[in-house]
Amino acid sequence: MIKNSVGVLPLIEIDTPYLDGSFNILTILHESCFMLRYINRSNKDIFISYNGRELHDIIPAQDSVQLLFNNKIGSQLGGFMYKDTTIYGSCVSNAKGSLYISGYYFIAGR
């Protein structure tokens, strides 16, 4: 019997001092993800953009945000954060700590 499985992106760690107030590339997704999680272990709020120009999400200091796009395998409802999406981040200066990004995607027929 063919079953679907879940794959996991390698955990991404970004030092928040790298985020200097303008949007910097954090990562490019190598799979179409049904779930992304941002974990902010810094002392400042972090701003997320998916086009490098506009603000789309905020990750409060010492908090996490989970984005769930589709939780049903094979479902036609919902959606995915598509492969090759560029994720940008920004933060005020003098930030200390790290931002972590994790992601999950479906692997069909395993």
Side-chain angles (χ1 to χ4, degrees):
M1 178 176 174
I2 295 176
K3 295 182 179 182
N4 292 309
S5 299
V6 172
V8 182
L9 297 178
L11 184 68
I12 299 162
E13 179 181 8
I14 297 102
D15 291 330
T16 53
Y18 165 74
L19 307 175
D20 61 3
S22 59
F23 282 116
N24 295 288
I25 294 175
L26 302 178
T27 191
I28 299 172
L29 297 180
H30 298 291
E31 299 291 341
S32 295
C33 293
F34 68 87
M35 196 275 286
L36 287 175
R37 182 179 297 130
Y38 298 100
I39 303 123
N40 184 356
R41 293 294 172 247
S42 77
N43 62 338
K44 304 288 183 178
D45 295 345
I46 296 175
F47 304 97
I48 301 295
S49 174
Y50 299 102
N51 64 13
R53 297 179 308 276
E54 301 165 314
L55 176 63
H56 295 109
D57 288 305
I58 182 170
I59 318 308
Q62 296 299 317
D63 204 353
S64 64
V65 171
Q66 179 172 300
L67 304 175
L68 184 61
F69 305 106
N70 186 347
N71 61 354
K72 296 181 181 178
I73 296 173
S75 171
Q76 297 301 314
L77 303 173
F80 297 90
M81 182 66 75
Y82 64 90
K83 181 179 177 179
D84 298 326
T85 296
T86 301
I87 300 173
Y88 301 85
S90 176
C91 185
V92 296
S93 60
N94 300 323
K96 294 178 182 166
S98 296
L99 170 69
Y100 299 89
I101 303 172
S102 60
Y104 300 84
Y105 60 94
F106 290 125
I107 302 170
R110 267 181 83 186

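Values below: every heavy atom of this structure, side chains too, minus hydrogens, waters and symmetry copies. Since the model is a prediction, treat every value here as computed from it, not as a measurement.
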>> So which atom in Ala95 and which in Pro17 form the shortest heavy-atom distance, rounded to 0.1 Å?
In response: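 Result for this residue pair: O-CG, 3.4 Å.
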> Met35 and Phe69: which non-hydrogen atoms are nearest, and at how many Å?
Replying inline: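 Looks like N-CD1, 4.1 Å.
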> Which residue pairs pass the ring-ring contact (aromatic ring centres under 6.0 Å, His included) test when at least one of the two sits in residues 38-61, sequence neighbours left out?
Replying inline: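 Pairs touching residues 38-61 that pass the test: Tyr50-His56.
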>> List the residues meeting side chain to side chain donor-acceptor pair (under 3.5 Å) with Ser102, not counting sequence neighbours, and say none if there are none.
In response: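 Checked Ser102 against side chain to side chain donor-acceptor pair (under 3.5 Å); zero matches.
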>> So, using side chain to side chain donor-acceptor pair (under 3.5 Å) as the criterion, who are the partners of Asn51 when residues are at least two apart?
In response: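 Result, side chain to side chain donor-acceptor pair (under 3.5 Å) vs Asn51: Ser49, Glu54.
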From [X] [atom1] over to [Y] [atom2], what is the distance, rounded to the nearest 0.5 angstrom?
X: Asn94; Y: Asp20; atom1: CG; atom2: CG; answer: 11.5 Å
X: Ile101; Y: Leu9; atom1: CD1; atom2: CG; answer: 10.0 Å
X: Gln62; Y: Asn43; atom1: CD; atom2: CG; answer: 8.0 Å
X: Ile59; Y: Leu99; atom1: CD1; atom2: CG; answer: 7.0 Å
X: Ile46; Y: Asp57; atom1: CD1; atom2: CG; answer: 12.0 Å

Suppose we screen for side-chain contact (heavy atoms from CB on, under 4.5 Å). Which residues come up paired with [X], at least two apart in sequence or across chains?
X: Tyr18; result: Ile14, Asn24
X: Glu13; result: Asp15, Ser98, Tyr100
X: Pro60; result: Asp45, Asp63, Val65
X: His30; result: none

Do [X] and [Y] share a hydrophobic cluster (ILVMFWY, side-chain heavy atoms under 4.5 Å, transitive)?
X: Leu26; Y: Leu67; answer: yes
X: Leu36; Y: Ile12; answer: yes
X: Phe23; Y: Leu19; answer: no

Identify each donor-acceptor pair in which a side-chain atom of residues 80-93 lies under 3.5 Å from a protein atom, sequence neighbours left out, and give them as a table.
residue	atom	partner	partner atom	Å
Thr85	OG1	Tyr82	O	2.6
Ser90	OG	Gly21	O	3.1

